[in-house]
Amino acid sequence: MTKALIFDIDGTLVDSDQAMIGSIQLALKQELGLDLSFTDLAFTKGIPTQVSLQRFIDDPAEIDRVEEVVNHFIGKLVHTEELFPGVASTLRQLAPDIQLGIVTSKTSEEFNNEFVPMGLMPLFDTVITASDTDRHKPHPDPLELALSQLEIPATEAIYVGDTKYDLEMTHAAGAQFALARWGTAGTTAWQQEADIVLAQPTDIAHLVR
């Protein structure tokens with residue numbers, strides 16, 4: 001029996017590609033002179049900004065500096081972020097009957113600045129950000145911490161996400177993975193490993209029937 005649904009944010013609850021990938025694109029162009037496309041930076045979805053920047057920068061201090069630039073651009077692009085259609089109504093429908101949680105690669109600061117203003121916080125029983133664990137997706141630690149706080153075993157939870165990192169974290173923790181198909185572009189081999197495929201946000205409601 002499923003007792004909890006736990007969600008990724010970017011690409012799952014929130015359409016944020018323009019802000020999240022765009023901010024890294026602009027920062028790398030400005031600071032490193034790299035002219036990269038959204039396709040080049042698709043790998044950044046689902047992992048913390050610092051981990052993404054490690055692909056291009058070796059020096060930890062320089063990573064911190066460029067991350068600040070990324071955050072600056074996020075602030076300028078955050079107005080482009082919006083909930084996917086059907087997300088809010090579906091979560092409000094589910095909240096009285098099942099525990100809801102979030103496990104995100106956003107830092108606590110990013111979470112508070114970008115997601116909290118969307119007004120859904122009262123619906124969630126636990127929130128784990130990248131600031132809460134030393135290891136992040138695809139390691140199981142963030143999801144395991146959420147499960148511990150919810151006091152349920154992994155076998156009674158479903159994690160809903162849109163990236164390979166989400167799937168790997170979920171399976172490593174021993175939970176079921178539901179692919180948010182609306183947040184993915186194209187079809188790749190890893191998607192075949194999903195336990196459940198959801199075509200649209202309103203399909204989330206079917207997970208508890």
Side-chain angles (χ1 to χ4, degrees), residues 2 4-25 37-49 51-52 55 74 77-78 80-91 94 100-107 110-111 114-115 118 120 123-124 126-130 133 136-143 146-147 154 157-208:
T2 302
L5 298 178
I6 305 172
F7 298 88
D8 170 52
I9 293 180
D10 296 316
T12 300
L13 299 181
V14 178
D15 185 355
S16 57
D17 279 4
Q18 184 65 38
M20 302 309 298
I21 298 179
S23 62
I24 295 174
Q25 181 187 49
S37 69
F38 266 48
T39 300
D40 294 330
L41 295 170
F43 77 92
T44 66
K45 291 185 64 174
I47 55 176
T49 301
V51 177
S52 299
R55 180 78 65 93
I74 289 176
L77 296 172
V78 70
T80 66
E81 295 187 9
E82 58 184 5
L83 294 168
F84 283 105
V87 163
S89 59
T90 301
L91 293 178
L94 292 171
L100 301 179
I102 286 174
V103 169
T104 177
S105 291
K106 292 182 183 294
T107 64
E110 291 167 344
F111 178 81
E114 299 165 33
F115 186 76
M118 294 185 172
L120 298 180
L123 304 179
F124 293 98
T126 189
V127 173
I128 304 300
T129 73
T133 59
H136 312 296
K137 302 174 185 177
H139 295 287
D141 304 27
L143 183 53
L147 294 169
I158 297 174
Y159 185 82
V160 184
D162 67 305
T163 71
K164 181 179 180 181
Y165 308 115
D166 294 329
L167 179 146
E168 290 176 344
M169 174 192 68
T170 304
H171 285 173
Q176 282 193 299
F177 176 74
L179 174 64
R181 196 68 185 84
W182 58 89
T184 62
T187 301
T188 55
W190 70 264
Q191 295 173 7
Q192 306 305 312
E193 300 176 40
D195 303 293
I196 303 162
V197 177
L198 304 172
Q200 56 194 2
T202 52
D203 290 343
I204 296 168
H206 302 322
L207 297 177
V208 298

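Values reported hereafter were calculated over all heavy atoms of this structure, with side chains retained and with hydrogens, waters and symmetry mates removed.
With sequence neighbours left out, Gln176 forms a side-chain hydrogen bond (donor to acceptor under 3.5 Å, both in side chains) with no residue at all. Considering only residues two or more places apart in sequence or on other chains, Asp141 meets the salt bridge (charged side-chain N to carboxylate O under 4.0 Å, His left out) condition with Arg135.
Considering all non-hydrogen atoms of both residues, Asp8 and Gly161 come closest at CB-CA, 4.0 Å. Of all heavy-atom pairs between Phe115 and Leu83, the closest is CE1-CD2, 4.5 Å. Nearest heavy atoms, Leu13 versus Val87: O-CG2, 3.7 Å. The two residues Thr44 and Ser52 have their closest heavy-atom pair at CB-OG, 3.4 Å.
For the atom pair CD of Glu193 and OG1 of Thr170, the computed distance is 11.5 Å after rounding to the nearest 0.5 Å. Atom CD1 of Ile74 is separated from atom CD of Gln18 by 12.0 Å, given to the nearest 0.5 angstrom. Here the CD-CD distance, from Glu81 to Glu114, works out to 4.5 Å after rounding to the nearest 0.5 Å. Thr90 contributes atom OG1, which lies 6.0 Å from atom CD1 of Ile204 (distance to the nearest 0.5 angstrom). Between the OG1 atom of Thr104 and the CZ atom of Phe7 there is a distance of 13.5 Å, given to the nearest 0.5 Å.
Salt bridge absent: Asp10 and Lys45 never bring a charged side-chain N and a carboxylate O closer than 4.0 Å. Contact check on Arg181 versus Asp203 returns no salt bridge, with no Lys/Arg side-chain nitrogen under 4.0 Å from an Asp/Glu carboxylate oxygen.
In this structure, the side chain of Ser37 engages the main chain of Asp40 through a donor-acceptor pair within 3.5 Å. Thr133 places no side-chain N or O within 3.5 Å of a backbone atom of His136 that could act as its donor or acceptor partner. Panel note: side chain Asp195, backbone Phe177; a donor-acceptor pair is recorded below 3.5 Å. Remark: the backbone N or O of His171 is not paired with any side-chain donor or acceptor of Tyr159 at under 3.5 angstrom.
Looking at Ile196 and His206, their side chains never come closer than 4.5 Å, going by heavy atoms from C-beta outward. You'll find the side chain of Lys164 stays beyond 4.5 Å of the side chain of Pro138, heavy atoms only. Counting only heavy atoms from C-beta outward, the side chains of Leu198 and Leu207 approach each other to under 4.5 Å. The shortest side-chain heavy-atom distance between Leu91 and Phe124 falls under the 4.5 Å cut-off. For the pair Ile102 and Ile128, the minimum side-chain heavy-atom distance is 4.5 Å or more.
Between Trp182 and Phe84, the ring planes are perpendicular. Angles over 60° get that label, and only those under 30° would be called parallel.
A donor-acceptor pair shorter than 3.5 Å cannot be found between the side chains of Thr184 and Asp162.
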